[in-house]
Structures are given as structure tokens and as C-alpha cells.
Number of protein chains: 2
Amino acid sequence: MTTTAGASRASERAQAALREAILGGELAPGAHLGEVELAERLGVSRTPVREALARLAAEGLVEAHAHRGARVVSFSPEDLDGIFDVRLALEPRATGRAAARATAADLDALDDLAARMLAVGTRGPAQDLDALVGLNREFHARLLDVAAAPALSAALGNVVHAPVVLRTFHTYDPASLARSLAHHAEIVAALRAGDADWASSVMRSHLGNARAVMVGSRS
Amino acid sequence: MTTTAGASRASERAQAALREAILGGELAPGAHLGEVELAERLGVSRTPVREALARLAAEGLVEAHAHRGARVVSFSPEDLDGIFDVRLALEPRATGRAAARATAADLDALDDLAARMLAVGTRGPAQDLDALVGLNREFHARLLDVAAAPALSAALGNVVHAPVVLRTFHTYDPASLARSLAHHAEIVAALRAGDADWASSVMRSHLGNARAVMVGSRS
DNA sequence: CCCCGGTGGGTTGTACGCAAACTAGGGTGC
DNA sequence: GCACCCTAGTTTGCGTACAACCCACCGGGG
């Protein structure tokens, strides 16, 4: 579901806003989330905030301890490793499926994303690692969408969301970053060739590269 | 009172009750879930029901269409197949991890579960397929717990819950059912031997057997 | 000096009420 | 006779008020 528009319901806007704030690092892991504070901040009452919080909790982005309120989840290095285990088990499979299903429009969109990532990711005056974060998320989301495997997407959904996983382009060293960007383009090339094996292999490499960066960084 | 102790919050009780009702088949897939009806049925106001519904939606058990209310999700054969893909990708891995981590207490508990499943699952006067459903869920949950892989559990959590997946012992033919029960015992044996490869192989067989039953049954 | 019970402030949990949105049914115009 | 619009009913979405609960601080007792 690519519907980013509407959000006629305030609870959806609240949920989206909170997710962006958490994923964007605006709300640090472990930060206490008061309902009234969030309600004022978002210009709605506590009720939709509450609902959004409940959904995010079920989604694994925040954890709610009894009457003590909600906190942004934080991840240990072991958790991070586990997350990559899951991604390695599922994403290459999804990428392979995508190879057989991608339409021309899909390929063009992915190509565009990969190109833009390369533009803002390459060292120089135009480098913008924060923009890269968003593009990267969009790329992987679109890829998952193309795979058309709802169960697979659902399984990954509550795992990849991990804030740390998606915000670590800042910790990439130049060589690893260059590899990562190249992988995106190569994945699209493999999809264009319709080669599922090639595509999934690149994705495995992509994740291996990311895992190496992150277990070494130990932020 | 099927839902354990705790649950000081009415919303948790509501969520647990709804989940049981859905997983237990009391609420059929596609059934319309009215908030007032559920509120009266559970003896609480609409607010906790609403919250419970929101969490179950994020969990993937129900789907809420705009202002049209919530419905119990229903699964197509393709969805089912996708679910088994995910399970096959993740559960054998978890089982392998469990082989290296299971304590004596874990093994005894799993053994007990396997034995009880065999008791209520074997053809005869004591056969109780409904009890089998609960035991099976407990067995797999415990196994996942022993694996101590939070991300893996989270990924599976929102997928396995699928009502159809957990309620299909009724559709097993005698031979498949016997195999399934034997697999549980064999898994414990493999764990006791500390043989991760053996354990994960049995789990793969277990899932393969289940998949074969379900794609053929088309309930 | 340390430990324990009491109390106050603040937060969450639940209930209720109102307004908007969707659905369905009947009536009218073409 | 058919299609469209309008209206009534029901349900959801949100706001607000009250009650329960937890935590921190403070005073008294051992």
C-alpha cells in the first residue's frame, strides 16, 4: 500500500508523525513519550495519540510499560545482529520474487531511486546523508512491494523499522557506502535482466555489507 | 477466563479475548466486528475495545477499512502459501538456535507438550483436536522462546497468527497428523542431542507436511 | 542515621457525549 | 422503467471529564 496522501483520520496522521519522528531520530531511543505532550505537539486530543501509540507498540517501535507510559525502543548489538539474521533470511527471497514480477514502471522507479541515492550519497558538496536515509527506506519498501508477498512484507515490517537500522548511513565508511550505493543499482540491473538468483545474491551482499558496518561501529 | 491472570487493564483483556475468539474460530474470517457489540459482550466501554482492535489490526488479525469498521482477516490460498514461505525461512533457523540453548527445564517442558499432544492427537476416545490446537501453539511459542531471538520471534509473530494456519488440525488426514505429532517429539530429541542441523531439518519437514495438508485442503 | 508509612502531584486508563462519515432506502425526474 | 438524489439511520472518530494508579517527596519512628 503506497498511500501516502490522505490520512483523513487524525490517528493516522499522529501515527505517521510519530513514526517519522522516531525513525528520523528526533525522538531518541529510550525517550519518554507523554500522551499530553504529544497531543499538544500534534494538535489533537489524547485519544488519537493513544491509538497511534498502541499501534506503534504492536509494530515494535515503542514499548509501553504498565501505567508508566511509553518509551521509544532501544536496541542492543545482539538485537541488531538478530535483525540482520531475519533480513538475510527474507529480503533476498523477496528480491528474487521481484525479479519475476517487476513491471517497466517499477524498474524505472527503482532506477530513479538508485540514481538519486547515488547523487546525494557520493562524496562532495551535494552529499546529504539524511536524505539518503529516506530514499533507502523507499527503495527497500518499493522492492518489497514489487515482490507482492504480503506475509513476507508483514514479517519484515515489524523488524526493519528498528530506528538504528535505518539511520546508520552516518556510520558508513566511504568504501562501504560506495558499495551500498552500487548494490542498489546492481539490484535493479538484475531485476531488469529477470535474473532472480543474481538479484537475491546482490541483496545478500548488500545486507552483509551493512551488517559489517553496524556490528563494527557499535555506536 | 481462558486468558491467564494479569491483564489489569481492560484493553488487554479485550485484546486477549478477541484474539482467542478469532483464533478459536468463534469469530469467522470476514465477520464484521462492531465496537458496541463487542463492548457489551466484554462488559467494558468502547474505548478499550477500540484500542484492542487497533492493536489487533497492527498485529494483522483484523483489518479496519476507513469508517466501515473492522473485519476479521481472511486468507487466500496464495496468502497461505506465502505464510509458509516465511515460516520455512525462519522457524528452522530458530529451531537450530534452540538446540544450542535449551536448558533441561526447557526440554522437559517441550517433552511434556509433545507427549500431551500425542495423547490427545492419537485416534481413539481421547482424541481432542481442539485441545491439540492450543498445545501446538504453545509448543511452537516455547520453542521460539528458547531460541532467544527477539527479532525472529517478532517477524514470525505477525504472520503465524493467521487463524487458518493454527486451526487446521481438523483438516489433517490420519497419516499427516501422525507425522506431525512424531515431528514434535523428534524435534525435542534433536534438541536434547544438541544437534542444530537435525533439529532444523525436522522443523522443515514439519512445515512441509503442514503445507501439503493445507494447500490440498483449501478450507 | 536509616527505614518505613503517608501524602501530593502527575500520568495513564476508562467512560461517555457529540459530530462527521458511510450505508441504505425511498421518492422524484427523465 | 431506470437512474439519480436526497434523507434517515447507524456506526465510527474524536474530544473531554473523571477515576485509578504509580512515583517521588516528606515526616515520624526505630
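Within every chain, numbering begins at 1; the chains are lettered A, B, ... in the order of the sequence lines, protein sequences first and strands thereafter.
- The interatomic distance linking E40(A) (CD) with dT11(C) (C1') rounds to 13 Å, in whole Å.
- Comparing dT14(C), dG15(D), dA21(C) by their nearest atom to the side chain of R9(B) picks out dT14(C).
- The distance from atom CG of L42(A) to atom P of dG15(D) is 11 Å, rounded to the nearest whole Å.
- No hydrogens or angles considered: nothing links the side chains of H32(B) and E37(B) as a donor-acceptor pair under 3.5 Å.
- Of the listed nucleotides (dT12(D), dA17(D), dC14(D)), dT12(D) has the atom at the smallest distance from the side chain of H67(B).
- Atoms CD (E51(B)) and P (dG13(D)) sit 14 Å apart, rounded to a whole Å.
- When heavy atoms are screened at a 4.0 angstrom cut-off, R68(A) is found touching the sugar-phosphate backbone but no base atom.
- Straight-line distance from the CZ atom of R71(A) to the P atom of dC22(D): 17 Å, rounded to whole Å.
- Distance, R13(A) CZ to dG13(D) C1': 12 Å, rounded to whole Å.
- Comparing atom distances between the R50(B) side chain and each of dT14(C), dT16(D), dT12(D) picks out dT12(D) as nearest.
- Separating the CZ atom of R46(B) from the C1' atom of dG13(C) is a distance of 16 Å, rounded to the nearest angstrom.
- Using a 4.0 Å cut-off between charged nitrogen and carboxylate oxygen, R192(B) and D108(B) count as a salt-bridge pair.
- The nearest whole Å value for the distance from the CZ atom in R55(A) to the C1' atom in dG13(D) is 11 Å.
- At a threshold of 4.0 Å, the pair R41(A)-E26(A) counts as salt-bridged, since one of the basic side-chain nitrogens sits closer than that to a carboxylate oxygen.
- Note on R55(A) versus E59(A): no salt bridge recorded, every NZ/NE/NH1/NH2 to OD/OE distance being 4.0 Å or above.
- With dG13(D), dC22(D), dG15(D) as the choices, the nucleotide that has an atom nearest any side-chain atom of T47(A) turns out to be dG15(D).
- Relative ring orientation between H140(A) and H184(A) is described as perpendicular, the plane-to-plane angle rising above 60° on a 0-90° scale split at 30° and 60°.
- Side-chain N/O atoms of S45(A) include one lying less than 4.0 angstrom from OP1 or OP2 on dG15(D).
- Among the nucleotides dC14(D), dT14(C), dG13(D), the one closest to any side-chain atom of S11(B) is dT14(C).
- Atom NE2 in H65(A) sits about 16 Å away from atom C1' in dT11(C), given to the nearest Å.
- Nucleic acid contact class of L53(A) (heavy atoms, under 4.0 Å, all strands): none.
- Looking at the side chain of E35(B), the nearest of the listed nucleotides dT14(C), dT12(D), dG15(D) is dT12(D).
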